[in-house]
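Below, all heavy atoms of this structure are taken into account, side chains as well, without hydrogens, waters or symmetry copies. Counting starts at 1 for both ligands and their atoms, in listed order. On a predicted model such as this, the values are computed, not experimentally measured, just so you know.
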Amino acid sequence: MFCRNCGKELTGSPEICLNCGAKPMNGTSFCHSCGAPTTPLTEICIKCGAKAAGDISPKSRLATTLLAFFLGNFGAHRFYLGKNGTAVVMLLLSIAGWSTIWVFGIGLVFLIPVGIWAFVDFIFAVIGRMKDKEGKVILKW
Ligand SMILES: [Zn+2]
Ligand SMILES: [Zn+2]
């Protein structure tokens with residue numbers, strides 16, 4: 001990749017650019033994929049067609065997908081993405097649901113919505129529409 005701040009080519013996806021000290025994906029001056037100059041308004045690189053990546057999350061799409069699938073009801077994927085507020089809501093809904101499911105199935109009132117919510121998050125993660133707490137899209141597998 002290329003540092004989006006200074007345009008230097010970097011190996012791998014380092015957190016900090018060794019050349020300029022900025023976070024490589026936080027800049028807006030260069031394409032992360034081919035190093036061509038971009039502007040803050042660039043959405044698609046005109047040279048290589050890459051999506052200007054200022055809004056791509058460093059979080060793993062695979063981890064998000066798996067967490068949403070297996071532990072989504074408990075908000076695990078949202079904790080992972082730093083969305084602690086909604087994660088806690090999902091966790092509490094699940095706890096409320098499982099602790100009242102034995103009382104005439106009242107728990108389903110909580111479990112069905114949180115199940116649908118987790119499933120929607122799972123779909124969003126799979127198709128690359130899920131976002132982290134900073135609003136960056138989870139695209140990298
Ligand atoms: Zn740099
Ligand atoms: Zn490019």
| request: Rounded to the nearest 10 degrees, what's the angle SG of Cys17 makes with SG of Cys6 at the Zn ion (ligand 1)? Could you check? | output: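 Nearest ten degrees: 110°.
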
| said: Just to confirm my numbers, could you give the angle made at the Zn ion (ligand 1) by SG of Cys20 and SG of Cys3, rounded to 10°? | reply: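 Cys20 SG and Cys3 SG form an angle of 110° at the Zn ion (ligand 1).
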
| query | Between the side chain of Lys83 and the main-chain N/O of Lys131, is any donor-acceptor distance below 3.5 Å? | reply |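 Side chain of Lys83 to backbone of Lys131, a donor-acceptor pair under 3.5 Å: yes, one is there.
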
| task | Examine distances only and state if a side-chain atom of Arg61 and a backbone atom of Lys140 form a donor-acceptor pair shorter than 3.5 Å. | result |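 It does not hold such a pair.
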
| request: Using the rule that two of Ile, Leu, Val, Met, Phe, Trp, Tyr join whenever any of their side-chain heavy atoms come within less than 4.5 Å, decide whether Ile101 and Ile106 are in one cluster. | output: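 Cluster IDs for Ile101 and Ile106 differ.
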
| request: Considering non-hydrogen atoms only, spot the tightest contact between Arg78 and Ala87 and give its length. | output: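 Shortest heavy-atom contact: CB-CB, 3.6 Å.
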
| task | Give me the one residue out of Ile138, Thr64, Val137 that meets side-chain contact (heavy atoms from CB on, under 4.5 Å) with Asp132. | result |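 It is Ile138, the one option of Ile138, Thr64, Val137 that forms the side-chain contact (heavy atoms from CB on, under 4.5 Å) with Asp132.
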
| Near the Zn ion (ligand 2), meaning under 2.8 Å, how many protein N/O/S atoms are there? |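 Considering protein N, O and S only, the Zn ion (ligand 2) has 4 within range.
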
| Check: Phe30 ring centre within less than 6.0 Å of Phe2 ring centre |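 Not under 6.0 Å, so no.
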
| field | 4.5 Å side-chain heavy-atom contact, Asp121 and His77 | value |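 Sidechains of His77 and Asp121: in contact.
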
